[in-house]
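Computation of the quantities below employed the complete heavy-atom set of this structure, encompassing side-chain atoms and omitting hydrogens, waters and symmetry-equivalent molecules. In each ligand, atom 1 is the first atom listed, and ligand 1 is the first ligand listed. Since we're looking at a predicted model, the values are computed, not measured.
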Amino acid sequence: MTPMSSAAINPPVARPLPLPFHCTFVESEWRALAKHWYPVAYSPEVAGQPLARTLLDQPLILYRTTGRQVVVARDLCIHRGVPLHLGWQDGDELVCAYHGFRYGADGQCTKIPAQPDLGIPKKLCLETYVSVERYGLVWTCLAPDPAQPSTIPEWPELEDPAYRMMHDPPPEWDVTAGRQMENFIDVGHFSWIHAGTFGNRETPEVPQYEVERRSTGFHVEYPYLAANRSAAALGESPTIQRRMTYDLHLPLACRLSIDFSEGRRHLIFDAPTPVSRRKTRIFFFIARNFDHHIPERQLLDWEKAILSEDKPIVESQRPEELPVDLSEEFHIRSDRFATAYRSAMKALGLGANYSA
Ligand code: FES
Ligand SMILES: [Fe+2]
């Protein structure tokens with residue numbers, strides 16, 4: 001008789017993640033997205049009181065323990081379904097506003113004030129999610145089995161003290177995350193919608209560029225002769241050559257490096273976190289290793305002005321979802337990066353396939 005392994009006798013039962021209430025995603029897309037890591041807060045936002053955020057239609061509550069650990073849990077008391085953000089944090093515990101049930105950092109209920117003699121069952125436990133703090137951001141993943149090789153991107157400059165990281169509170173846009181990311185990597189729009197900031201109307205032609213596929217995404221180097229709006233005041237050239245390098249980490253994170261002479265580097269990061277299908281929280285931040293005397297506010301206002309040029313355009317795009325079948329929409333040479341991105345998103349089960 002052939003011996004059977006214990007794995008064959010008792011195969012693990014994969015319990016599908018329950019979809020959030022009022023899920024706005026197609027189920028297959030939600031399950032594909034839920035396997036990836038996303039930033040849900042900047043680290044300084046998780047201090048003092050618990051913070052409510054939504055990821056993929058799942059309401060979350062984030063808080064920091066006295067040991068400085070960040071806890072990410074489902075924002076719902078399992079007694080009577082009241083959001084925990086209506087309550088408060090007491091030490092390392094969350095207290096529900098409705099009947100005062102308390103939950104520890106592992107999600108386990110620790111106290112039922114109305115019936116203190118009741119043994120607390122193990123199942124009285126909040127759903128908690130894996131989380132990690134890196135680069136000044138809190139990242140989380142809803143699935144207990146994150147996709148491989150989906151990891152958090154490698155952004156070593158953000159761990160280098162030579163770089164100063166700067167950001168505003170993360171805004172929410174009425175867009176799909178895929179459309180926003182594609183806008184960030186679109187090299188053909190600078191001379192048009194950014195004519196009020198760095199765009200140069202005199203250089204609309206997009207030179208040939210290469211899209212290099214890497215293990216976690218794409219690498220693109222692109223030169224752009226940008227407008228230099230402060231030229232007249234400073235007696236400088238009216239244009240400035242930008243060496244731009246994109247490193248996109250699938251599905252929804254990208255670093256753009258703008259390199260100047262003598263190793264001076266200005267980095268722009270874009271990580272659009274899907275709140276719901278058509279609502280996205282934009283983690284857009286910068287870091288640079290030079291000109292530390294320039295006030296942070298001044299640098300952030302410049303980026304804000306550029307983003308405000310993008311926002312109305314991206315929010316107006318129809319269909320709202322990124323069409324990942326390349327027979328949809330019309331592509332030109334300058335869209336090479338975007339078409340590679342769409343194909344990769346399609347392979348991950350993301351975006352909308354209108355031809356299907
Ligand atoms: S609903 Fe939270 S304690 Fe009752
Ligand atoms: Fe733009």
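The pair R297-D168 meets the salt-bridge criterion, with a side-chain N (NZ, NE, NH1 or NH2) lying under 4.0 Å from an Asp/Glu carboxylate O.
Panel note: side chain R281, backbone V40; no donor-acceptor pair is recorded below 3.5 Å. Panel note: side chain N289, backbone G263; a donor-acceptor pair is recorded below 3.5 Å.
Atoms of ligand 1 found under 4.0 Å from any heavy atom of F101 (numbered from 1 in listed order, with element): 3 (S). Within ligand 1, the atoms closer than 4.0 Å to a non-hydrogen atom of C77 are 1 (S), 2 (Fe), 3 (S), numbered from 1 in the order shown.
Closest heavy-atom contact between T24 and R277: OG1-N, 2.9 Å.
Taking backbone and side chain together, H79 holds no N, O or S atom under 2.8 Å from atom 2 (Fe) of ligand 1. Taking 2.8 Å as the threshold, C96 counts as a candidate ligand of atom 2 (Fe) of ligand 1, since one of its N, O or S atoms lies below it.
A cation-pi geometry, defined here as NZ or CZ lying under 6.0 Å from the six-membered ring centre and within 45° of its normal, does not hold between R255 and Y246. Judged by a 6.0 Å distance limit and a 45° cone about the ring axis, R80 is not positioned over the six-membered ring of Y98.
Looking only at its N/O/S atoms, H189 has NE2 as the one nearest to the Fe ion (ligand 2).
The protein atom (non-hydrogen) at minimum distance from atom 4 (Fe) of ligand 1 is H99 ND1, 2.1 Å.
Note: angle at the Fe ion (ligand 2), from NE2 of H194 to OD1 of D310, is 90° (rounded to 10 degrees).
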